Number of protein chains: 2
Amino acid sequence: MKPKYIIIKEEIEKMIESGVYQPGDQFGSEYEMATQFEVSRETFRSAVKLLEQEGKLLVKHGVGTFVMNPLPEVPNNLEKLTSITAMMKQAGLKDAERHESISTETCPEEYAISLNLSPDEHVYIHERTRMVNGEPVVISINILPKKYFGDIFEERGLSEPLFHVLEAASGIKIVRSNTEINVPTSTDPYYQKLLVKPETTVLLLKQQHFDDSNRPMMFSVDYYRNDIFKFWVQRMR
Amino acid sequence: MKPKYIIIKEEIEKMIESGVYQPGDQFGSEYEMATQFEVSRETFRSAVKLLEQEGKLLVKHGVGTFVMNPLPEVPNNLEKLTSITAMMKQAGLKDAERHESISTETCPEEYAISLNLSPDEHVYIHERTRMVNGEPVVISINILPKKYFGDIFEERGLSEPLFHVLEAASGIKIVRSNTEINVPTSTDPYYQKLLVKPETTVLLLKQQHFDDSNRPMMFSVDYYRNDIFKFWVQRMR
DNA sequence: CAGTGGTCTAGACCACCGC
DNA sequence: CGGTGGTCTAGACCACTGC
């Protein structure tokens with residue numbers, strides 16, 4: 001059973017969507033609203049707090065609670081950590097074609113720091129180019145320490161999103177990443193591979209991935225063609 | 001006076017920083033902790049909830065509450081909406097030199113949609129190039145509807161961050177923005193102005209700015225030299 | 001099963017805002 | 001000042017986890 005404050009939150013959302021409450025409208029006082037929903041004031045407040053965080057309500061101390069104008073939908077919100085497969089699906093693309101390679105090496109220094117490894121430890125380097133209509137659209141390079149992931153790549157196909165493979169094979173759940181947004185230089189070989197038209201531009205995301213205890217478990221370097229992938233971020237003061 | 005749950009939150013933060021609690025450590029039960037802090041369980045939980053959202057604690061239902069590994073500090077977090085002035089300060093740069101221009105025009109179509117304007121309405125177009133050691137490092141173009149901002153630019157100097165000018169002169173507070181992350185094409189004239197060395201790369205942020213009622217109040221197009229400005233985002237599943 | 005966190009309540013008092 | 005939201009409590013019961 002869903003908790004009451006979630007139910008109320010969803011009811012309020014529906015009322016806003018259906019126009020019962022219009023942008024700018026003021027709610028009744030918390031006491032009134034709680035009575036109306038037949039819950040305690042604190043329970044009603046829990047629902048409001050969630051909606052406030054989502055930017056759907058504005059609560060002013062000593063004044064009242066107001067319905068906000070809806071924010072336009074943001075496609076491909078960069079704050080949501082999703083697989084490239086999912087991103088392509090959302091963009092209406094099928095990543096049927098791929099070129100992949102896996103190698104085992106000692107860890108390149110650049111990644112050793114981010115992964116908290118000594119430079120002599122072994123890592124998988126998994127490289128994948130996704131193609132659409134014969135054109136490359138995104139190249140991803142994943143660096144995975146062998147000590148965490150053992151020999152998962154010998155056991156499984158790679159058709160599924162990497163996140164799923166890791167979780168199923170090793171129990172490691174990647175839940176967050178610190179992502180640096182970059183533009184590759186014109187001499188970058190991966191950039192050149194994506195340069196199908198002279199006006200193609202490419203975004204480069206360098207990501208340090210963490211498990212649910214904030215341990216760095218994986219590093220990835222992803223090159224996205226900017227004419228195909230659009231990234232958004234919501235910024236707040 | 002600060003509320004108790006904030007005080008407790010800060011106390012817990014201090015205890016984690018000073019090593020009283022180590023990453024991985026488990027707290028006592030909520031009842032025990034609340035007793036220890038001499039507050040009710042709910043109050044203690046409010047403090048924990050904040051720390052959980054910041055990724056400093058991990059709460060597992062039916063198991064316990066644990067201290068997380070600290071996430072590395074992220075400079076220039078893109079999720080924080082800050083002025084370019086503040087960003088440059090953080091990067092150790094002084095934006096002493098500037099080139100600016102202001103014009104009034106009817107709203108270019110590209111922006112009219114984002115700003116909810118009809119194409120015949122008038123907007124300010126405020127362009128600013130910031131220089132460091134004689135080199136341009138960032139170009140920003142701000143589009144401001146005249147109907148919201150009147151003639152603020154006649155009244156004030158432009159030495160302060162634009163956010164401050166807007167707030168002081170018109171009472172309008174920009175509190176969030178939807179930001180599209182782009183790479184300019186090589187033919188973009190603003191890109192070419194920043195191309196001081198052949199290997200310079202440039203990030204282009206297109207931002208729709210909202211006030212505290214989610215009304216779009218301003219549009220901006222900012223070109224950042226990527227060799228000088230580094231942007232980060234924290235992504236979560 | 002015992003122990004943990006998750007939800008919910010009724011009521012109290014405080015802090016802020018606008019008139 | 002009256003009305004709003006903000007904090008806090010003590011106690012109850014539920015839901016999840018691991019042994």
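A, B, ... follow the sequence lines: proteins, then strands. Residue 1 opens every chain. Bear in mind the structure is a predicted one, so any value in this text is a computation, not a measurement.
A:Y31 and A:F44 have their aromatic ring centers separated by at least 6.0 angstrom.
For residues 15-31 of chain B, the set of pairs meeting the salt bridge (charged side-chain N to carboxylate O under 4.0 Å, His left out) definition, not counting sequence neighbours, comprises B:E30-B:R41, B:E30-B:R45. The side chain to side chain donor-acceptor pair (under 3.5 Å) pairs that include a residue from residues 51-71 of chain B are B:K9-B:E54, B:E13-B:K56, B:E54-B:K56, where partners are two or more places apart or lie in different chains.
Summarising the geometry, atom CH2 belonging to B:W232 is positioned 11.5 Å from atom CG belonging to A:L205; distances are rounded to the nearest 0.5 Å.
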Evaluate B:E38 against B:K4 for salt bridge (charged side-chain N to carboxylate O under 4.0 Å, His left out), listing each step before the verdict. CA-CA 10 Å; B:E38 299 181 299; B:K4 289 191 192 176; over 6 Å; no
Below 3.5 Å is the cut-off: list the nitrogen or oxygen pairs between protein and nucleotides 4-9 of chain D, distance only.
from	atom 1	to	atom 2	distance (Å)
D:dG5	OP1	A:T65	OG1	3.3
D:dG5	OP2	A:E30	N	2.7
D:dG5	N2	A:H61	NE2	3.4
D:dG5	N3	A:H61	NE2	3.4
D:dG6	OP2	A:R45	NH1	2.5
D:dG6	OP2	A:R45	NH2	3.4
D:dG6	N7	A:R41	NH2	2.6
D:dG6	O6	A:R41	NH1	3.0
D:dT7	OP1	B:Y5	OH	2.6
D:dT7	OP2	B:Y5	OH	3.4
D:dC8	OP1	B:K4	N	2.3
D:dC8	OP2	B:K4	N	3.4
D:dC8	OP2	B:Y5	N	3.3
D:dC8	N4	A:E42	OE2	2.3
D:dT9	OP1	B:K4	NZ	3.1
D:dT9	OP2	B:S40	N	2.7
D:dT9	OP2	B:S40	OG	2.9
D:dT9	OP2	B:T43	OG1	2.4

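Between the C1' atom of C:dG18 and the CZ atom of A:F66 lies a distance of 12 Å, rounded to the nearest Å.
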